[in-house]
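Numbered from 1 within each chain, the chains take letters A, B, ... in sequence-line order.
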Protein chains: 2
Amino acid sequence: MDAHLLRTFVAVTRCGSFSRAADELGYTQSAVSQHIAALESDLGTPLLSRRPVQPTAAGRRLLEHAGPILVRLAAARAEITRMTQAPPDRLVVGVSPLAFVPEVVGANHVRVLPRVEVVTGVAQGTLDLGLVDGITAPSDPLNLPDVAPLAKAGVAERPLAVVLPADHPLAGRKHVKLADLADAQWIDAPESAIPLAQLRAASGTTGFRAALRYEGTHVPGLLEMATAGHGLALLPQTMVGGLPAVPVTRLVHRVERLTMPTQPGSGRSGVR
Amino acid sequence: MDAHLLRTFVAVTRCGSFSRAADELGYTQSAVSQHIAALESDLGTPLLSRRPVQPTAAGRRLLEHAGPILVRLAAARAEITRMTQAPPDRLVVGVSPLAFVPEVVGANHVRVLPRVEVVTGVAQGTLDLGLVDGITAPSDPLNLPDVAPLAKAGVAERPLAVVLPADHPLAGRKHVKLADLADAQWIDAPESAIPLAQLRAASGTTGFRAALRYEGTHVPGLLEMATAGHGLALLPQTMVGGLPAVPVTRLVHRVERLTMPTQPGSGRSGVR
DNA sequence: TGTTGTTACGTAAGGCGTAAGCATG
DNA sequence: CATGCTTACGCCTTACGTAACAACA
């Protein structure tokens, strides 16, 4: 199970086509066909159904491993490259939408990305610094996917608030326990608010089901939908403005700063 | 950076010798030499100092990635194998020393292993089921290394207690906050008690430094040392017996059950 | 019949072993 | 001088591309 083969496998599933994947990877489609055949014979089971090209059950399972493996391979290379070579002159900062803290303003290149991509970006060296947000109990670290060992530091912790319509039974309350809202109607807005998946993970329940999905990073639009009663949304209190919202107990919004464990250029061995 | 090369790299560092690694892997030592040379030329930096054979700074960094990558590759293969083939007739259970819960007694093959090896064992399919222990806040999941996506379930949560000499100032107290003991003299007994590293992680401090290291899984010996005043030890209260010990607030000892995400034999596709 | 994946085959590169070379203790 | 890593070289395997083939729409 060569890493090379895994790379073409994920490309094929992403493209949904051998030939398009071949173009993307700079192979002939014959080579791609041979790669998949090699993988399938190695694992002893078909990984793709052809025409249309879709992963089988086994293929889907493999996909779940392949991504992290490739990220980690890239991370290993990136880390060593960074140890050996001179630090880059640019400084690219990756930020998840709600992690935009004042610190960022000084950077000369900022990229707003989904949370996972901030983590993988820092790991693979495409980002020099990452700022990710999420929810936790006060002063607990975030539960980030550990695709690679990264240096993490808490940067900010702010209270959370649930945005709700003015006529909601809980409106005007001093605070709420999130657990009491597990069965409410939620809006899943993973880019402009706390993703419900994080809520479930932090609370250990299976509640917090989405009545509605909201894509994009346009927070005002989300706030409008929530106050109009289409569902609840959980955000850092500072982003709610003057709208009707109830502070949340026990959990906070936390921002962490990610870098590679080795400082850039710190280990320039062999250079005199 | 072929996975094959990584495998021989870790073997060489573990053996501290090209030739011994070659024996272990079934290569000639020439091949091993070529593997390392290939890696070093690929990454553009020396990874090992020869005579004696020791990893360089870059090599140490690579090692940190190589292990997990290889585990995850094995996990991918194991998971697909298990989906495809019939479930094994034996049932091997891996247990970390303090995770020995009554459930285990029914199994026909039990293996007591360090915590990490239980996790990697389940991931790679050498274990059919794992029981791991650790400390957390009540009803929080354990912070396990995610070498692969595994199915996790809480099995037990029991109170923790600090074992201390009878004449200790805290002896006889109703309970203690662990944070108050961060600067005490601790015994690091990772196999027979809670490892101090876990304590630091759970409390977010850098305290809990070891005065003494205790290796092995012989709990009575550890208890004797702790009551004799050589340092504190943190254990599940049930294992302390009648000895002087003070219950701990906020944190509990938790045991989790690990299996592969797919049930053995569940996805036997293509079999009619 | 066109599009897309598979198979056959020739060439080129890579990987491993044998054996000679070379550095270090 | 002996041990242990490196280099040189030959063989064999593997991997890719071209091109013919097959299957599905």
Side-chain angles (χ1 to χ4, degrees), chain A residues 1-60 62-63 66 69-70 73 76-77 269-270, chain B residues 1-60 62-63 66 69-70 73 76-77 269-270:
Chain A
M1 213 174 20
D2 193 355
H4 216 64
L5 304 181
L6 290 181
R7 203 166 67 98
T8 90
F9 176 65
V10 309
V12 168
T13 54
R14 190 181 49 248
C15 299
S17 150
F18 282 47
S19 20
R20 267 192 298 271
D23 284 351
E24 189 180 302
L25 299 170
Y27 286 120
T28 59
Q29 109 265 49
S30 164
V32 169
S33 183
Q34 291 176 51
H35 282 187
I36 302 299
L39 257 183
E40 292 184 324
S41 102
D42 179 17
L43 295 173
T45 190
L47 299 169
L48 293 170
S49 72
R50 327 292 152 107
R51 226 182 277 270
V53 171
Q54 272 180 341
T56 62
R60 281 191 297 273
L62 181 60
L63 266 182
I69 289 172
L70 295 174
L73 277 164
R77 158 166 278 115
S269 57
Chain B
M1 215 174 17
D2 194 355
H4 215 64
L5 304 181
L6 290 181
R7 202 168 67 99
T8 89
F9 176 65
V10 310
V12 168
T13 54
R14 190 181 50 249
C15 299
S17 150
F18 282 48
S19 21
R20 267 192 297 271
D23 284 350
E24 189 180 302
L25 299 170
Y27 287 120
T28 59
Q29 110 264 50
S30 163
V32 170
S33 182
Q34 292 175 50
H35 282 186
I36 302 299
L39 257 183
E40 293 184 323
S41 101
D42 179 17
L43 295 173
T45 190
L47 299 168
L48 293 170
S49 71
R50 327 293 153 105
R51 227 181 273 271
V53 171
Q54 271 181 341
T56 62
R60 280 191 298 273
L62 181 59
L63 265 181
I69 288 172
L70 295 173
L73 278 164
R77 156 166 279 116
S269 55

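Residues forming a side chain to side chain donor-acceptor pair (under 3.5 Å) with A/Ser19 (at least two apart in sequence, or on another chain): A/Ser17. Every residue meeting the side chain to side chain contact (heavy atoms under 4.5 Å, CB included) condition with A/Thr28, not counting sequence neighbours, appears here in chain and number order: A/Ser30, A/Ala31. Residues meeting the side chain to side chain donor-acceptor pair (under 3.5 Å) test with B/Arg60, sequence neighbours left out: none. Shown here are the side chain to side chain donor-acceptor pair (under 3.5 Å) partners of B/Glu24, two or more places apart in sequence or in another chain: B/Arg14.
Side chain of B/Thr56 to main chain of B/Pro46: a donor-acceptor pair is present (N/O by atom type, distance under 3.5 Å, no hydrogens or angles). A donor-acceptor contact shorter than 3.5 Å is absent between the side chain of B/Thr8 and the backbone of B/Val32.
Pairing each heavy atom of B/Leu63 with each of B/Pro55, the nearest pair is CD1-CG, 4.4 Å. Taking all atoms of both residues into account, the shortest heavy-atom contact from B/Ala76 to A/Met1 is CB-CE, 4.3 Å. When all heavy atoms are compared, the tightest approach of A/Gly16 to A/Val53 is O-CB, 3.5 Å. Closest approach of B/Ala3 and B/Leu73 over heavy atoms only: CB-CD1, 3.5 Å.
Screening residues 24-52 of chain B for ring-ring contact (aromatic ring centres under 6.0 Å, His included), with sequence neighbours left out, gives B/His4-B/Tyr27, B/His4-B/His35, B/Tyr27-B/His35. Contacts classified as salt bridge (charged side-chain N to carboxylate O under 4.0 Å, His left out) and involving residues 31-46 of chain B (residues at least two apart or in different chains) are given here: A/Arg77-B/Asp42, B/Glu40-B/Arg50.
Between A/Leu47 and A/Ile36, the closest side-chain pair of non-hydrogen atoms is not below 4.5 Å.
Taking every heavy atom of residues 15-24 of chain B and every atom of DNA chain D, pairs under 4.0 Å involve B/Ser17, B/Phe18, B/Ser19, by number. DNA chain C is contacted by A/Gln29, A/Ser30, A/Ser33 of residues 25-37 of chain A, taking any non-hydrogen atom closer than 4.0 Å.
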What is the per-nucleotide protein-contact pattern of nucleotides 20-25 of chain D, from the 5' end, where B denotes a base atom under 4.0 Å from a protein heavy atom, S denotes such proximity for sugar-phosphate atoms only, and - denotes neither? ---BB-

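Summarising the geometry, the separation between CG on A/Asp2 and P on D/dT14 is reported as 13 Å, rounded to the nearest angstrom. Atom NE2 in B/His4 sits roughly 9 Å away from atom C1' in C/dG15 (whole-Å rounding).
Rounded to 10 degrees, the angle separating the terminal axes of the helix from C/dT1-D/dA25 to C/dG25-D/dC1 is 30°, with each axis obtained from five end pairs.
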